[in-house]
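Heads up: the structure comes next, in structure tokens.
Keep in mind that this is a model prediction, so the values were computed, not measured.
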Amino acid sequence: MENHVDEDAKESTEGLDIPLGKLGLVFSSNFDSGNLQSVTLLEERNNSEGSDFAAYQVSTRPDCFGTKFQNGNRTWFYFSVTGGIQGNSINICVHDLNKQGKLFSQGHEPVVCVLSASQASDAPESETKHGNVQKQWSRDCENINFDTTDDDIFWVSWDYTFDHRFQKDQCLQVFFAWCYPHSYEDCQAMLSQYDQLYSKKSWREWILANEAVLDGATQDPIASESVDRSNDLSYGGDVEAGRISHSTPTEHVEDTRNQLQEIYYYREELTRTLDGWRVDLLTVSSCENLTAKREPKLPLLFPNTNQRRAHQFKEKDVFFLTARVHPGETPASFVFNGFLEFILRKNDPVAIELRRKYVFKMIPMLNPDGVRRGHYRTDSRGVNLNRVYCTPNPNLHSPIYASRVLCDYYNEQQTLKFYVDLHAHASKRGCFIFGNALELSRQIENVLYPKLVAKHSAFFDFEACNFSEKNMFSRDKKDGLSKEGSGRVGTFLATNLCHCYTLECNYNSGREYCKDTGSSDSESEEERGSANQRQDSASPKPYTIESFEDVGRGVAKAALDILGLPLLPHTTNEDDLESLRDSLKESIKRARTRKGKDATVMPPRVAVALRRQRSMQTRNNIAFAARSISGRDQATFKKEISGHRGVPSSKTNRKKQQVKVRTLPSQPNAIKRSIKTSDPIAKTPTFTSKSRTVFPVTSIGLGTMRRGYGTLEAKKLTVATASERIDKYGHDTNRLQRTRYSIHKHN
């Protein structure tokens, strides 16, 4: 796929880097994720103690600053100050931010990190320093104030004193940030470390040695508990030339078990962004149920032709995890890191069992362009990528397109079990989950998973979770975009997946009262799992990087806990799960009955949205199927599709049944039943005479991409593409990559 870099989207990356005033401090943001627009020296004076003081007003860049895509998202800041001397102090006032008074009133503070010049330049690439640098962030600012001016401009200010570390010859840099940063370089450095640890592990040699028989009887010699093979020598030993050598049963069983438990880790380039940055896909599992087959290269994805796809697994569910679609929501990366670190633990029994049961597919950073540019919410073209999941454009929104195609593929393979998208939240306290509103039987399982997450993390607040129908379709106050296009809702509408979630983490802290365990007061500490550091109910402590990582570990453990497997530490047995399900069933029924809703069925608006999504997929399939009916006349074609109410079969109802035909993930050649929809933009097909039909076809997903023109000889039917107006979102009125059809007569 080509990298389309809009010239108007190129932002200025020039930092200030100019000594200011008597103190000669140098402000800069010339690094990955940095954000600083200007600095003004307001005041300089000598303190009574003989030290110097200076006050500065700094301004941050809004997303897409200096381009035609510039927008009002202006919260993230990240810059450095060089030249401080012990004893001197400064006051920094950041003005023109988005209004975040609620968050600062709850105790939020900018974070600070002090590094030497060599550390600052080498940290992202250094294996030994990378992890330590992340841990050095602290909250050392003083006298934090915030307010809104008469001109409705929000500002926040703080004092900082250069301590004993800032000697004249040390040349230290102090970094200030909105929240704990995790840049694109940090992410790549972390993945490079994992590559070194796992990419050369013995599973590669084991695959090569067993490739000839991976799909045969030796694929999993200890998986079946119903067959006693302890004395069967045919399952022992190593593989050579497709035949199995023999060893003692005890030695073989132990050796095979170790081989099957070997960590399977695979990193591949999923796609490239508009700015040309790499988007990674990680696959983590065990070697159990591993096959010799590789996953297919899905359409417009995996641009590295020299790299093979990850291996396929049999009888394993897929856990799909994504993060950083909003670049300024850095807590999402630390939740992701905690999740990844836990499932890669070699000797942890829960991690081992997780790898046996699941194949983890993970995208650590969905919006590298926004992250590198220091954006808060959008990509390089000012698009909120978490609102385009329903119909992503493969050229303009390639990471979202990739996520959707992967989810559709695994759903078609009937292996997709979990989808979790990681975010951060500025107004609502705590770490919590947004889920979808389903019918009662599935809603119980939908709510059960967050309940179990709360059991395994001290920082997760089950009471703050939201599974309402309203939260699936509400619109943003600023841009008016609907949450129907978010990853959680868009993926659910495409797959009808039960466990489809958005996990949110507050930037600062949890709620004042402690309901973060999701368990009763009578439960012991052991029954609460890893939740061994309880928040003070009177004054919750600010979140740290370790707090977010703990939530990530809880997300992983709950995926095993929901299976009800016995004899594992900190997991819930089947009886306890049934008790939880019964309790949740009554709670859901009461909540829906209070609102006058039928608790047993899917909420009406959700059902309509699902049918609408299926209808749009059906229309795309009808357009694709029409390519193969060459030689049939118009009447036959009309008769075949007239049963699909999405396509008008008579002149009287065309106005009510206007047709939308657009490219969505759907199975080629599959014509399903659709429903009526109304689209004021789409053109309604009419049938004319003496014509030759040309169908532009794009079918996305399920391992197939067909792009081009198919011709159809039909006497009374003409369909051709209409020109489209492409705005910055790449679509007309929030509908992306639509294939629209207009009708015209050929003479």
Side-chain angles (χ1 to χ4, degrees), residues 75-78 94 97-113 134-147 154 156-160 176-182 323-324 326 328-339 376 422-434 450 453-466 501-519 528-555:
T75 293
W76 175 259
F77 58 83
Y78 183 21
V94 184
L97 295 176
N98 296 142
K99 294 180 180 179
Q100 302 290 0
K102 183 176 182 180
L103 186 63
F104 281 101
S105 67
Q106 296 169 352
H108 182 62
E109 300 179 15
V111 293
V112 183
C113 179
Q134 293 295 330
K135 304 300 182 185
Q136 290 179 1
W137 289 93
S138 60
R139 299 171 184 252
D140 292 338
C141 297
E142 301 174 336
N143 301 326
I144 299 173
N145 296 291
F146 60 92
D147 203 351
F154 181 80
V156 59
S157 68
W158 64 87
D159 293 341
Y160 183 80
F176 299 95
W178 158 258
C179 188
Y180 306 108
H182 189 77
R324 295 299 289 279
H326 291 150
E329 298 179 358
T330 56
S333 283
F334 299 113
V335 175
F336 182 96
N337 296 348
F339 182 98
Y376 179 61
L422 304 177
H423 288 259
H425 210 281
S427 58
K428 190 174 182 178
R429 279 189 170 186
C431 299
F432 48 89
I433 272 178
F434 289 153
V453 175
K455 170 186 172 182
H456 292 286
S457 176
F459 305 98
F460 188 86
D461 188 352
F462 175 74
E463 299 297 328
C465 296
N466 189 329
Y501 305 104
T502 297
L503 188 142
E504 301 273 1
C505 293
N506 186 270
Y507 289 100
N508 181 56
S509 67
R511 296 194 288 178
E512 291 185 352
Y513 52 96
C514 185
K515 287 191 178 182
D516 54 351
T517 66
S519 55
R528 291 173 185 152
S530 66
N532 54 6
Q533 293 180 334
R534 299 289 139 191
Q535 299 179 21
D536 185 350
S537 58
S539 56
K541 296 180 180 179
Y543 288 150
T544 63
I545 291 175
E546 290 80 2
S547 305
F548 299 129
E549 291 173 344
D550 183 79
V551 174
R553 291 188 286 270
V555 170

Has the side chain of Glu329 got a donor or acceptor atom that lies under 3.5 Å from a matching backbone atom of Ala424?
-> yes
Quick one: does Phe176's side chain get under 4.5 Å of Cys141's, heavy atoms only?
-> yes
With distance as the sole test, does Thr330 use its side chain to make a donor-acceptor pair with the main-chain N or O of His182 at under 3.5 Å?
-> no
Should the ring pair Phe434 and Phe432 be called parallel, tilted or perpendicular, given that the plane angle runs from 0 to 90° and is split at 30 and 60?
-> tilted
Will you find, in the side chains of Ser547 and Thr544, an N or O donor that is under 3.5 Å from an N or O acceptor?
-> yes
Inter-residue atom distance Glu504.CD - Cys465.SG, 0.5 Å rounding | 10.5 Å
Closest approach of Cys505 and Val335, non-hydrogen atoms and distance?
-> SG-CG2, 3.7 Å
Which atom of Ala426 lies closest to which atom of Tyr376, heavy atoms considered = CB-OH, 4.3 Å
Supply the atom-to-atom distance Asn337 CG to Leu422 CG, rounded to the nearest 0.5 angstrom.
-> 10.0 Å
Non-hydrogen side-chain atoms of Asp140 and Glu109 separated by less than 4.5 Å | no
4.5 Å side-chain heavy-atom contact, Cys431 and Val453 | no
Report yes if some heavy atom in the side chain of Arg429 is under 4.5 Å from a heavy atom in the side chain of Lys102; otherwise report no.
-> no
Can you check whether Ala464's main-chain N or O pairs, donor with acceptor, with Lys428's side chain at less than 3.5 Å?
-> yes
Answer whether the closest heavy-atom distance between the side chains of Pro331 and Tyr543 falls below 4.5 Å.
-> no
Looking at Gly328 and Tyr507, what are the two nearest heavy atoms and their distance?
-> O-OH, 3.5 Å
Measure the acute angle between the ring planes of Phe334 and Phe548, then classify it against the limits of 30° and 60° as parallel, tilted or perpendicular.
-> parallel
Report yes if some heavy atom in the side chain of His108 is under 4.5 Å from a heavy atom in the side chain of Gln100; otherwise report no.
-> no
Hey, which of His425, Arg139, Gln106 is the one that makes side-chain hydrogen bond (donor to acceptor under 3.5 Å, both in side chains) with Asn508?
-> Arg139
One should read off an interatomic distance between Asn145 CG and Trp158 CH2, to the nearest 0.5 angstrom, of 11.5 Å
Do Val555 and Phe460 touch side chain to side chain, with heavy atoms closer than 4.5 Å?
-> no
Taking all heavy atoms of Ser509 and all of Pro542, pick out the closest pair and write down the distance.
-> CB-CA, 4.2 Å
What is the minimum heavy-atom distance between Gly101 and Phe146, and which atoms define it?
-> O-CE1, 3.6 Å
Shortest non-hydrogen contact from Phe104 to Val156?
-> CE2-CG2, 3.6 Å
With side chains defined as the heavy atoms from C-beta onward, is the minimum distance between Trp76 and Pro181 less than 4.5 Å?
-> yes
